[in-house]
Amino acid sequence: MTESDRELKQLVDALPQYENQIRYWESQLEAISNVRADIFQAQDTLNGMMDSKDGMEMLVPVGHNTSIFTNVKDLDRILIGIGSRVYMETTREDSIKRLNKRLEGLEEAGKTYQESLQKAQQDYMAVREKAESLSSNRGAN
């Protein structure tokens with residue numbers, strides 16, 4: 001096996017690894033997009049409640065496409081997750097501030113993930129082009 005044959009084999013073997021990296025970064029960006037959508041929905045709900053009075057009727061999802069109607073006695077008692085299934089009671093305004101901070105963190109993570117995705121795509125294309133070049137040169141000999 002010649003040196004160029006070995007290099008071609010290494011390049012061809014590396015391509016699936018780059019494809020896996022690309023799929024990973026794409027899935028991470030999709031996950032961020034889903035979390036952002038959840039945060040936007042929570043913000044819309046909390047913002048819609050800002051001018052509401054205690055005792056308002058609200059539709060609350062309870063799981064598996066099922067919701068119940070309930071009257072909310074105290075609109076300023078909001079539970080917000082802080083990690084590891086731990087929740088903290090806050091006000092509507094504080095909840096919105098916390099959601100905004102989460103969005104900022106997601107935006108930063110999204111930028112980093114997007115850069116990583118682009119780098120993986122560029123690396124993949126460079127390896128693929130090099131492999132194609134070596135393969136065509138091999139066929140010419």
Donor-acceptor pair, side chain of S136 and main chain of E132, under 3.5 angstrom: yes
Short side-chain to backbone donor-acceptor contact, S116 and T112, under 3.5 Å: yes
Residues E115 and K111 bridged, charged N to O under 4.0 Å: no
G55 to N71 - nearest heavy-atom pair and separation: O-OD1, 3.6 Å
Check: I22 and L117 side chains under 4.5 Å, non-hydrogen atoms: yes
Straight-line distance of L103 CG to E108 CD, nearest 0.5 Å: 12.0 Å
Test side-chain hydrogen bond (donor to acceptor under 3.5 Å, both in side chains) applied to N47 - qualifying residues, sequence neighbours left out: none
Separation between CG of L11 and CZ of R128, rounded to the nearest 0.5 Å: 13.0 Å
Validation row: D123, Q21 side chains within 4.5 angstrom (heavy atoms): no
Shared hydrophobic cluster, M50 / L46 (ILVMFWY, side-chain heavy atoms < 4.5 Å): yes
Under-4.0 Å salt bridge between E26 and R23: no
Residue pairs passing the side chain to side chain donor-acceptor pair (under 3.5 Å) test where at least one lies in residues 86-96, sequence neighbours excluded: D76-R92, R77-E89, T90-S95, D94-R98
Non-hydrogen side-chain atoms of N137 and S133 separated by less than 4.5 Å: yes
Pairwise side-chain contact, M58 with T45, heavy-atom cut-off 4.5 Å (strictly under): yes
Heavy atoms from other residues, nucleotides or ligands near CD of E57 exceed 12 (cutoff 6.0 Å): yes
Single-linkage hydrophobic cluster I68~V72, side-chain heavy atoms < 4.5 angstrom: yes
L106 CG to I39 CD1 distance, which is reported to the nearest 0.5 Å: 5.0 Å
Nearest-0.5 Å distance that lies between atom CG in D44 and atom CE in M49: 12.5 Å
Contacts of Y124 that satisfy side-chain hydrogen bond (donor to acceptor under 3.5 Å, both in side chains) - sequence neighbours left out: E19
Joint cluster assignment, L99 & L79, ILVMFWY side-chain distance < 4.5 Å: no
Same cluster (ILVMFWY, side-chain, under 4.5 Å), M56 and F69: no
Side-chain donor or acceptor of T66 paired with backbone N/O of H64 under 3.5 Å: yes
Distance in Å, L134 CG paired with E3 CD, rounded so as to fall on 0.5 Å steps: 10.5 Å
Distance-minimising heavy-atom pair for W25 and A120: CD1-CB, 4.4 Å
Closest contact, heavy atoms only, S67 versus P61: OG-CA, 3.5 Å
K97 side, atom NZ; I80 side, atom CD1 - distance, nearest 0.5 Å: 12.5 Å
